[in-house]
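Below is one structure, written out as structure tokens; the observations come after it.
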Amino acid sequence: MRSVYTCLTQAHDHQLILLAAGICVVGVYGSFSVATHAARSEGRAATLWAGASIVASGCTAWATHMIGLLAFRPGMPAGFDPSLTALSLLVAIAGIGISVALAIGQRKRLHRFLIGLLLGGSIAALHYLGEASYVVAGTVVWDPVLVAVSVQASMVMFGVAMVVTGERRLDLRRAGAPLLVAAIGVLHFCGMTAMTLTFDPERELPLQAVPPEVIAPVVAGVSLGLLALAVIGMRLTLNARAQARRDQQRLRELANLAVEGLAVCDGEVIKTANRSLERLAVVEAGALAGRRLSELLPGLTVSALPEREEREAELVGADGQRVPVRVLRSEVPLGSKPQTVLAIRDQRERLQTESKMRALAYSDTLTDLPNRARFHDLLARHAATCGSDGRAFAVLVLDLDRFKLVNDTLGHGIGDALLRKTARRLTAALGPRDVVARLGGDEFAVLQVGTAGPEGVETLAARIIELVGRPFLIDGQLVTVGASVGAALAPTDGTEPGALLRNADLALYKAKADGKGTFRRFDPALDARVRARRSLEADLRRAIAVQEFELHYQPLVDARSGRITAAEALVRWRHPERGLVSPADFIPLAEETGLIGPLGQWVLRTACAQAVRWPSHIRVAVNLSPVQFRDLRLAETVKAALTASGLATKRLELEITEGVLLADEERTLATLTRLRAAGVGISMDDFGTGYSSLSYLRRFPFDTIKIDQSFVRQLPGDPESAAIVRAIITMGTCLGMTITVEGVETAEQFAFSAASGCDQVQGYHVSRPLPAADFLSFVEAREAA
Ligand code: C2E
Ligand code: CA
Ligand code: CA
């Protein structure tokens, strides 16, 4: 050890030693900065810079070593063997180049250590080749122990240095460079000490030996080259730094434009944050840098966040407010190494939109009442709490009578306004804890909380019917509708929400069937009846689709001559199981369900088509339901049936009941007037059954009046009926109308009718309604008689 120290302090030129150290530092810096640049470059440039870096590293090692040798003062003439000197340079470059090439991307410590050994070996080779190239005018004796120690120690040090430079931890990596310098130092000074030179005046320097004065400028040239390279490397580094700064600035500007909050983190510490995040956290610009993330997002650990997978979290602002956010972590290559970037998205608006959407999905936008889904929900909750302690409550369902008519005739605007006003009236009718909802269309439902038994429900229903029944003033028009109400009382009529609603519905069905503006409570017997009716409805729909109907004709004869004047078309349903079904059993249902529309059209077309084949003086009468008058195209439908069949207009007669005139005023009258103007006959059917029959006769000029069967039934025995029939005949004749007496079953009834002055007679006494073919035979037989 002592000799190494003496070698260093006495045998060397100190200034040159310092120069060697300086060149070593400059060279290493130059090689490294160029290598870094190579790593940033691509393609050919990358290869060239990498090559330059390797050559520079080799030259650095060589030049350092050469200056070290030049600094050595052996005290005798010395020189350099040129080929060995050149070989040492080549070995340095090749050794470093191969080691670097092997080291790239090498993660395994053992491999790195082995590469370090290779590097150390080549540097040792450089060193001892260099020393071997040093020739003196004397003898050279080597200390094999020191040589072995220097080679082994430096190789191990190189190996360790190679291992630590590949480590993740920065403090470990930082130990790499001093270790390398120390290894080179050990190699050089041990190597120099191991060599003992003895001056021998007998000996001369070999001829090819190059004196130090010649080699020095070469070394100086190489050193200058390394200096130049270091300058280039510095420029490249500075450029790269400036570029990185510009990139970062641009990135920050870009980040500030981002709507979502962004934070670049170093572990759990925020390095920078954009404006959005600062605003979200309610802090000044730049105030987040250096803060721990856990202060901002309590309970969130960055390292535990999976990459590219959003997490819900709460951000605590400087004002203490908690903001719901979603956090996304990504590792982004910013600058030379990947950085942890957190994207933090404010969820307040989204959550608000969601809750608004939920509210929308749960409420009826027209009336602002809860909708069907919400009502089910409320009912289910109420049923669950009340069911356990047996408290009574009721479900009422209602719909508006004649709503469809208002909507069709006055327009949807008025219809909507009517629904809104109805909603307000319903709300006013309820108790403070009761709930009203709109189930859809003109259908509403009420949850009556804490019902005082059946009377309580009835009272509420009566109040609803009364309130909704009052006229509405909409757009300056008086609109009058009514309400039918059905109710089911829990727990008597069911406890389960679905069953309660269904039963209230059945009661409503019954209420409507029993006449508008009524209230019915659920009754188990109702269930079976309504079920049967529902199945009939489905059956009817199918029957219309497959046309299971046929028309029968009942003749009308002249009261005096007995000749057939007309025939009334009466529809029959030929049911595959039930046989021939009477219209009395399905017409009301068809009217209620709207199926009367297509059915009525079929009757019209068929009746006209069949009547064309009859003798031309026989007219055909077709019954029209009030519901058919809701169709604005009724007049067109009638005309189309006439045109299609070729039946003369005057041979068609339409029978309507006073219900037609009851429902609607102007529009019905307009339709009737148009039909009559076209030449179609209009009959008032079932005359005398209504309350204000006479006033209808004044409102529309009917062609025919048909006196209802109920009067005829009592004839001729009942004097009151006889008086009524006579009065109607007298009055009708005065108004210029044809009078038909229908339901004539006996010869007496026929005789009475004829004697009273009626024009036509219809009834079983003449003939029952007959299938089309039978009717034709009947006509032929009659005409022949
Ligand atoms: P309506 O218009 O009053 O038809 C007369 C009904 O009285 C027919 O019953 C007929 O068979 C029956 N009838 C005729 N003469 C006598 C009699 O001497 N004694 C008795 N007891 N009954 C007699 P039907 O065919 O069952 O029709 C019942 C109702 O169905 C009809 O009453 C009519 O309002 C309706 N209807 C029938 N066909 C149609 C149709 O195509 N369209 C529409 N909208 N309604 C129809
Ligand atoms: Ca009729
Ligand atoms: Ca009738």
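Count residues from 1 along the sequence. Counting convention: from 1, in listed order, for ligands and their atoms alike. Just so we're clear, the structure is a prediction, and the values are computed from it rather than from any experiment.
The protein non-hydrogen atom at the shortest distance from atom 18 (O) of ligand 1 is Y764 N, 2.8 Å. Protein heavy atom in closest approach to atom 2 (O) of ligand 1: D685 OD2, 3.0 Å. Of the protein's heavy atoms, E745 OE2, 3.2 Å lies nearest to atom 20 (C) of ligand 1.
In this structure, E783 CD and W614 CH2 are separated by 12.5 Å, a value rounded to the nearest 0.5 Å. Between atom CD of residue E591 and atom OG of residue S625 there is a gap of 3.5 Å, rounded to the nearest 0.5 Å. Note: L439 CG to R374 CZ = 14.0 Å, rounded to the nearest 0.5 Å. Note: T668 OG1 to L634 CG = 9.5 Å, rounded to the nearest 0.5 Å. If you take CD on Q709 and CD on Q749, they are separated by 10.0 Å, rounding to the nearest 0.5 Å. How far OG1 of T518 is from CG of D401: 7.5 Å, rounded to the nearest 0.5 Å.
Contacts of Q709 with ligand 1, taken as heavy-atom pairs under 4.0 Å, involve the side chain alone. Residue-level proximity to ligand 1 for R768 is absent, since no heavy atom of it falls below 4.0 angstrom. Using a 4.0 Å cut-off between heavy atoms, E568 contacts ligand 1 through its side chain alone, with no backbone atom that close. Only side-chain heavy atoms of E742 come within less than 4.0 Å of ligand 1; its backbone N, CA, C and O stay farther off. Contacts between R572 and ligand 1 below 4.0 angstrom, taking non-hydrogen atoms only, involve the side chain exclusively. For V622, no heavy-atom contact with ligand 1 is shorter than 4.0 Å. The proximity of R713 to ligand 1, defined as any non-hydrogen pair under 4.0 Å, is limited to the side chain.
In this structure, the side chain of N503 engages the main chain of D493 through a donor-acceptor pair within 3.5 Å. Judged by distance alone, with hydrogens and angles left aside, the side-chain atoms of R651 form a donor-acceptor pair with the main-chain N or O of I618 at under 3.5 Å. Of the possible donor and acceptor atoms, one in the side chain of S561 sits under 3.5 Å from a partner among the backbone N and O of R563.
Counting heavy atoms only, P769 comes closest to atom 11 (O) of ligand 1 of the residues A590, A621, P769.
Interface of V744 with ligand 1, defined as ligand atoms under 4.0 Å from a residue heavy atom, comprises 18 (O). Which parts of ligand 1 touch S625 is read off a 4.0 Å heavy-atom cut-off, strictly below it: atoms 44 (N). Each of the following atoms of ligand 1 lies closer than 4.0 Å to a heavy atom of D686: 3 (O). Less than 4.0 angstrom separates some heavy atom of V571 from each of these atoms of ligand 1: 38 (N), 39 (C), 40 (C), 41 (O). Below 4.0 Å from some heavy atom of P583 lie the following atoms of ligand 1, by number and element: 24 (P), 25 (O), 26 (O), 27 (O), 28 (C), 30 (O), 37 (C). Taking every heavy atom of S582 and a limit of under 4.0 angstrom, the matching atoms of ligand 1 come to 26 (O). The contact set between ligand 1 and V603, taken as ligand atoms under 4.0 Å from a residue heavy atom, comprises 41 (O).
R560 and D759 are joined by a salt bridge, as a carboxylate oxygen and a charged side-chain nitrogen come within less than 4.0 angstrom of each other. For D539 and R542, the salt-bridge test passes: some basic side-chain N is under 4.0 Å from an acidic carboxylate O.
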N/O donor to acceptor pairs below 3.5 angstrom from side-chain atoms of residues 638-648, sequence neighbours left out:
| residue | atom | partner | partner atom | Å |
| --- | --- | --- | --- | --- |
| T643 | OG1 | K639 | O | 2.7 |
| S645 | OG | A641 | O | 2.9 |
| S645 | OG | L642 | O | 3.1 |
| S645 | OG | L647 | N | 3.2 |

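Centroid-to-centroid, the aromatic rings of F586 and F549 come within less than 6.0 Å. You'll find the ring centres of F700 and F702 inside the 6.0 Å limit.
The angle subtended at the Ca ion (ligand 2) by OD2 of D685 and OD1 of N623 is 90°, given to the nearest 10°.
Judged by the 6.0 Å distance and 45° axis criteria, R520 is not positioned over the aromatic ring of Y509.
Of all heavy-atom pairs between L604 and L654, the closest is CD2-CD2, 4.2 Å.
Summary: OE1 is the N/O/S atom of E655 found nearest to the Ca ion (ligand 2). In terms of distance to the Ca ion (ligand 3), the nearest N, O or S atom of D686 is named OD1. Distances from the Ca ion (ligand 2) to each N, O or S atom of E568 single out OE2 as the nearest. The minimum distance between the Ca ion (ligand 3) and any N, O or S atom of E742 involves atom OE2.
Proximity of atom 15 (N) of ligand 1 to the protein is indicated by at least one non-hydrogen atom lying closer than 4.0 angstrom. Distance check for atom 32 (O) of ligand 1: every protein heavy atom is found at 4.0 Å or beyond.
The shortest N or O to N or O distance between N623 and ligand 1 is under 3.5 Å.
Inclusion of D708 in the first shell of the Ca ion (ligand 3) is not supported: no N, O or S atom falls under 3.0 Å.
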